[in-house]
Each structure stands twice: as C-alpha cells, then as structure tokens.
Amino acid sequence: MSKGITKRAENYSQWYNDIVVKADLAENSGVRGSMVIKPYGYAIWEKIQAQLDFMFKETGHENAYFPLFIPKSYFAKEASHVDGFAKECAVVTHYRLKNTENGDIVVDETAKLEEELVVRPTSETIIWSTYKKWIQSYRDLPILINQWANVVRWEMRTRLFLRTSEFLWQEGHTAHSTAQEAIAETKQMLEVYAEFAEKWMAMPVIKGSKSESERFAGALDTLSIEAMMQDGKALQAGTSHFLGQNFAKAFDVKFTNQDGKEEFVWATSWGVSTRLMGALIMAHSDDYGLVLPPKLAPVQLVIIPIFKNEEELSIIKENVNEITQKLKKLNISFKFDSRDTHRPGHKFAEYELKGVPVRLAIGMRDIENGTIELARRDTLEKKIYKIEGIDQIIMKLMPEIQENIYNKAFTFRAENTHKADTYEEFKNIIENKSGFVYAHWDGTPETEALIQEETKATIRNIPFDLPDEEGVCMITGKPSKRRVLFAKAY
RNA sequence: CGGGGCGUAGCGCAGCCCGGUUAGCGCAUCUGCUUUGGGAGCAGAGGGUCGCAGGUUCGAAUCCUGCCGCCCCGACCA
C-alpha cells in the first residue's frame, strides 16, 4: 500500500487530504484558509481551463478582466446579493502601513479610504456597473463575457480545493435583450459544464435547478450540475444563474428596443472553480493515490527504464526514442524518467500516487525479447506487449481508460442512488447507506429546512432528466409532481 | 462564535505528569560503498531561538501567568 496515504475506507477526509498533499497538488499556506496550488496541481487546472475556455469561445464568449476591488456602494445596490455575501467579505479600509518606534509595522490610521473596497466574492456588481456604460441599444446586445479570476469568500472552515478563502474560477456574465434569450444562455452554459464534467473529467453529473433556498443571491433561477463523490456525498460542480432584470434594475441598465421603448436588460452568470479539482480527486482516486482521466492528465504516460549502469541506460534510451517519436505524432504527452537517484519500484509508486494513466517499463530483458511492460493506472493491470506497434495500442488505450473511469463512476453512482417514498425510508438511507435519494417534496422551503435539520441532507437540485411522477411529499403528504434529488453535500 | 487538541530539526513525533548531564527517535537531507523488474542496504555526517513574553527556581522543553498561531468537531456558508 502507498506510503502515508490513509485508506479511503478508514477515514475518507483524511484520505482526500493525503492525496492532495502527497500527489503534490496543493498544500496549506501560512495564510489562514488559503492554499498554495503546486505545479502539478496547477497543471491539471490549466488543462481544465484550456478546455473550458475553448468551449466558452465556441459558444461565442470573449474573455475580459474586471477589478478585484469593488467599492462598497456598488456592492450594496442589489439587496439579496448583499444578504448572500455580506457575511464573508474581506474589506480593504486603508492604503498605507507605517513603522512604529519599536520597529513594528502597523496600519497607518491617517490613510483611511474614503470608501471601503470589498474584495470581490463574485463580480456581478462591478460588471453591471460597467455594462451600464456599454449598453444603450438592442444593437449592443448580447454581451457575452467571461473572466478568469480569483475571488475571496471569508470561510470559517476550509478544505484544500473544496473550500478555501481565496479560490480561482471563471465567471461568465452575459447581458441580453429578452428573458428567453437569457434563459437559453443559462441552460446552454449548464450543458457546457455537464459536457465538460462527463467527457473530460469522466464524472457523471445530474443537471437540474436549485430550490429557492439554495439559489444564488440575486438570481431568479439557479441551475447546477451535481456529482457523487466516493463517500456518497454530493458535490456541486458548476452553477449557471438566470438573474432576470435584478442587476439591470439595481444598476439602471436599460436599452432601447426595436420599437424605440426602454427596457431593462436581462442577465445571466455562471461559474466553475478550482473546486473541480476536489471533485476530480474524490470521484476517481483510490488507496494508491490519484487517478486522472487521460484528457486532464498533465502527463499521460510515463516511461521507466530499468537499468544497472550507463551503458544499459543508453541502449534503453535508443529503444525508447523510437517509441516517443511516435507518441509525439499521436499527441500523447509523456515523460521519460531516467533518474538514477531512485529505483524503479519507487518510481512506480510515485506515478501511481500522481495518477499518471499509463506506465511503460523497459529493461534489458525486454530489449532482448523486443517487449515492453504496460501498466494501467485505472485498473492496475500489467501486461507485456511487443515494442513494435505499442504506440497504436497506447493510442487506443487512452480513450478506453477515459471511458472506463467514467463507467466506474457511473456504476458507483447508480449503486448508491435510491428512491424513498416514506420519511422513515429516507432517513434510513441517508443515515446508513448515504448516496443520492430521489423523493417527493411539497415544494416549500419549510419542509426542505425541516429535512435538512433532521437529516443533514439537502435538496441538491430538481433534476431535468427525470420523468414526471405523481406522488405525495414524504413529510406533509401534499401532492408532488416529480421527485427531487436529496443528498448530504460538500 | 462554542467545544476539543496541538505548538520540540525540513516533515512526523517522544520527552513534560514527577525540573537536574551534551534534548532524543523515525522519515527526509548530505557523503561513501554495494544495489537497481514494486517505495534499497550498510557505514558515517549535518541540521534545534523546545511558538512568544514574563515569572518561580541554584537550575525550566518540563512548573505558573499572559499572549500568539495552527488543526479537528460543531454552528455559518457554497
């Protein structure tokens, strides 16, 4: 078993933490609640970014950048938005430090800002105060903008990637001339997220809309994708909001329509964050470490030479060169680890820990036989192949691994998804089995709150892809037209 | 904000209760030799304001007081 990784079954959250740290993805920093994303972890994030960015551009969006600091007065304009975020805002009040006589550095009280600046927890307010200047006519619409940025939400309890005070994300902010168009945009971006989660992260998700109480502060409707982690808990992996005209009204953003009449602009916003890293880790990894889908692995394949001396290494190198040249043509990223400071076994364990999808090992024995050993990270299978044609095998293997990882996660979710018709049944599942539970709910926040209080489970979303089904609320017995998705959540 | 725990070498910890040689162990690091198909072995070496400040004492990592920081559990939140 891997050195120093707590077993998943033993202590799930410790297992998660161990993987993040031991696989060199991130570590806690000296700053409370803020992490350092290490090169290997950042490389995965860059892959996530690159693909999402491509998908945003494909759907007509452009990138821009808005300020980190938001004047308090802007922030205060949309009432429910303030309610939602006020309790977790970092605020800049001064702009200068000074030295005291005994050499300490203190805030210079004479350098107080006229107006405090809120460090953005999200950018709706600064963006809509800007859009006001950009929009006069229906001809200026739609505006389809995304920004890659950091945001700060002062969290009381933090966990690497899943919840940190500062995190990286992207936030799309669009402006439209009609409600229908904005609603379509909200749905479209949720589809983009779902496709990314399933095709790239190999993580099946449930698309749906949030209940009123889980809605984004300032939105009329919030859509989400929800994924199941290996402990059966749900993780919200992306959200897309239909903001109606709330921000347009708050910032007085109007346009003249084709009939010459003034109207408020319709808005959406949508985002995913470095939390996806947490989802990726918890969806697939095992007791040996990280398991990465090939499409997001910074290194898709590692080659480990087994050699006793320089001479053997150079013979192996020659053979490996032929393989790597073909891999380059196939666009497969690889690493040849010829360090003589670590022995092969050490390297095997290290790359397993780091989740590299495929490993090749080649020594003198192989060269004599014209063979090479191939090991899959997802199944931990090892097989000997002829060197000849190994590139073709690898090319076919990558999508197979991607698919297998997805299928594993899909099967796991299916096995841990239940239906409950009575509250007794429901409580039993949540307490003893965990996982997702589909149940009828009367649609009221009161019932939702009661369930949360008694079981800790919340409505993750009201799934789109679920058939209508007449039933009665498991608490109140009132009629319900469809089931909703309950789970304990991150 | 409430409850609990911890602060001693880069990391993980012991020592503290019951004060007394030169503060110790594992991992990691460095050097040398032997090794190399699943986290190498042996020999040697380097590395410490014992969280900070004050007090008690002939003497404090150890006892007392205050402060600071971090972690875990809960409440809050996505």
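Every chain is numbered from 1, with letters handed out A, B, ... down the list of sequences. Computed from a predicted model, the values in this text were never measured in an experiment.
Taking atom C1' in both B:C67 and B:U29, one finds a spacing of 35 Å when rounded to whole Å. Atom name P, nucleotides B:G15 and B:G5: the rounded distance is 16 Å, in whole Å. Comparing the P positions of B:G7 and B:G46 gives a spacing of 27 Å, expressed to the nearest Å. Straight-line distance between the P atoms of B:C70 and B:A78: roughly 24 Å, to the nearest whole Å. Here, B:C13 and B:C6 have their C1' atoms 12 Å apart, quoted to the whole Å. Taking atom C1' on both B:U8 and B:C1, the two are 31 Å apart, rounded to the nearest angstrom. B:U62 sits 10 Å from B:C50 when the P atoms are compared, rounded to a whole Å. Straight-line distance between the C1' atoms of B:U57 and B:C64: roughly 12 Å, to the nearest whole Å.
Considering only the side chain of A:Glu155, B:C77 comes nearest among B:G37, B:C77, B:A75. The side chain of A:Lys87 lies closest to B:C77 when the candidates are B:C77, B:G38, B:A40. Each of B:G39, B:G37, B:C77 was ranked by its minimum atom distance to the side chain of A:Arg365; first place goes to B:G37. Considering only the side chain of A:Glu352, B:G38 comes nearest among B:U36, B:G74, B:G38. Among B:G74, B:G38, B:G37, the nucleotide with an atom closest to any side-chain atom of A:Phe348 is B:G38. Of the candidate nucleotides B:G39, B:A78, B:U36, B:G39 has the atom nearest to the side chain of A:Ala349.
Base contact: A:Lys382 has a heavy atom under 4.0 Å from a base atom. Residue-level contact check: A:Arg359 touches the bases, meaning some heavy atom is under 4.0 Å from a base atom. Within 4.0 Å of A:Glu214, counting heavy atoms only, lies no atom of the nucleic acid at all. Counting any heavy atom pair closer than 4.0 Å across all strands shown, A:Asp366 reaches a base atom. A:Glu88 comes within 4.0 angstrom of the backbone, heavy atoms only, and of no base.
With both pairing distances under 3.5 Å, B:A28 is matched to nothing as a Watson-Crick or G-U wobble pair. Pairing of B:A14, defined by two Watson-Crick or G-U wobble distances under 3.5 Å, is not identified with any nucleotide. Nucleotide B:U36 is matched to nothing when pairs are restricted to Watson-Crick or G-U wobble geometry with both distances under 3.5 angstrom. Remark: B:G48 base-pairs with no nucleotide; criterion is Watson-Crick or G-U wobble with both hydrogen-bond distances under 3.5 Å. Pairing for B:C1 is with B:G74, a Watson-Crick or G-U wobble pair whose two hydrogen-bonding atom distances lie under 3.5 Å. B:U65: Watson-Crick or G-U partner is B:A53, with both key distances under 3.5 Å. Summarising the base pairing, B:A23 is matched to no nucleotide, lacking a Watson-Crick or G-U wobble pair whose two defining distances lie under 3.5 Å.
In this view, A:Lys77 and A:Ala250, A:Phe251 satisfy the side-chain contact (heavy atoms from CB on, under 4.5 Å) rule, not counting sequence neighbours.
Near RNA chain B, meaning a heavy atom under 4.0 Å away, the residues from residues 231-240 of chain A are A:Gln236.
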*Begin with the C-alpha distance, continue with both residues' side-chain angles, and end with the deciding distance and a verdict on side chain to side chain contact (heavy atoms under 4.5 Å, CB included) for A:Trp441 and A:Ile462.*
CA-CA 10 Å; A:Trp441 162 61; A:Ile462 302 156; 4.1 Å; yes

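With respect to the salt-bridge test (charged N to carboxylate O, under 4.0 angstrom), the residues A:Lys335 and A:Asp337 do not qualify. Ion pairing between A:Glu191 and A:Lys207 holds under the 4.0 Å rule for side-chain N and carboxylate O. Salt bridge A:Asp286/A:Arg377: present, at least one basic N to carboxylate O contact under 4.0 Å.
In terms of polar N and O atoms assigned as donor or acceptor, the side chain of A:Glu350 never comes within less than 3.5 Å of the base of B:G39 in a complementary pairing. Counting distance only, with no hydrogens placed and no angle test, the side-chain atoms of A:Arg163 and the base atoms of B:C77 include a donor-acceptor pair under 3.5 Å.
Less than 6.0 angstrom separates the ring centroid of A:Trp270 from the ring centroid of A:Phe56. Taking the six-membered ring for Trp and the full ring otherwise, A:Trp128 and A:His81 have centroids separated by 6.0 Å or more.
One can place CD of A:Glu453 at 16 Å from P of B:G74, the figure rounded to the nearest angstrom. Put simply, CD on A:Glu27 is 16 Å from P on B:C70, counting in whole angstrom units.
Distances shorter than 4.0 Å separate none of the side-chain N or O atoms of A:Arg215 from OP1 or OP2 on B:A78.
Note: A:Asp391 CG to A:Leu397 CG = 12.5 Å, rounded to the nearest 0.5 Å.
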N/O donor-acceptor pairs under 3.5 Å from side chains in residues 222-231 of chain A, not counting sequence neighbours:
{"unit_1": "A:Thr222", "atom_1": "OG1", "unit_2": "A:Phe216", "atom_2": "N", "d": "3.0"}
{"unit_1": "A:Thr222", "atom_1": "OG1", "unit_2": "A:His241", "atom_2": "ND1", "d": "2.8"}
{"unit_1": "A:Ser224", "atom_1": "OG", "unit_2": "A:Glu226", "atom_2": "OE2", "d": "2.9"}
{"unit_1": "A:Ser224", "atom_1": "OG", "unit_2": "A:Asn461", "atom_2": "ND2", "d": "3.2"}
{"unit_1": "A:Glu226", "atom_1": "OE1", "unit_2": "A:Arg460", "atom_2": "NE", "d": "3.3"}
{"unit_1": "A:Glu226", "atom_1": "OE2", "unit_2": "A:Lys210", "atom_2": "NZ", "d": "2.8"}
{"unit_1": "A:Gln230", "atom_1": "OE1", "unit_2": "A:Arg8", "atom_2": "NH1", "d": "2.3"}
{"unit_1": "A:Gln230", "atom_1": "NE2", "unit_2": "A:Met282", "atom_2": "O", "d": "3.2"}
{"unit_1": "A:Gln230", "atom_1": "NE2", "unit_2": "A:Ala283", "atom_2": "O", "d": "3.4"}
{"unit_1": "A:Gln230", "atom_1": "NE2", "unit_2": "A:Ser285", "atom_2": "O", "d": "2.8"}
{"unit_1": "A:Asp231", "atom_1": "OD1", "unit_2": "A:Lys233", "atom_2": "N", "d": "3.1"}
{"unit_1": "A:Asp231", "atom_1": "OD2", "unit_2": "A:Tyr490", "atom_2": "OH", "d": "2.5"}

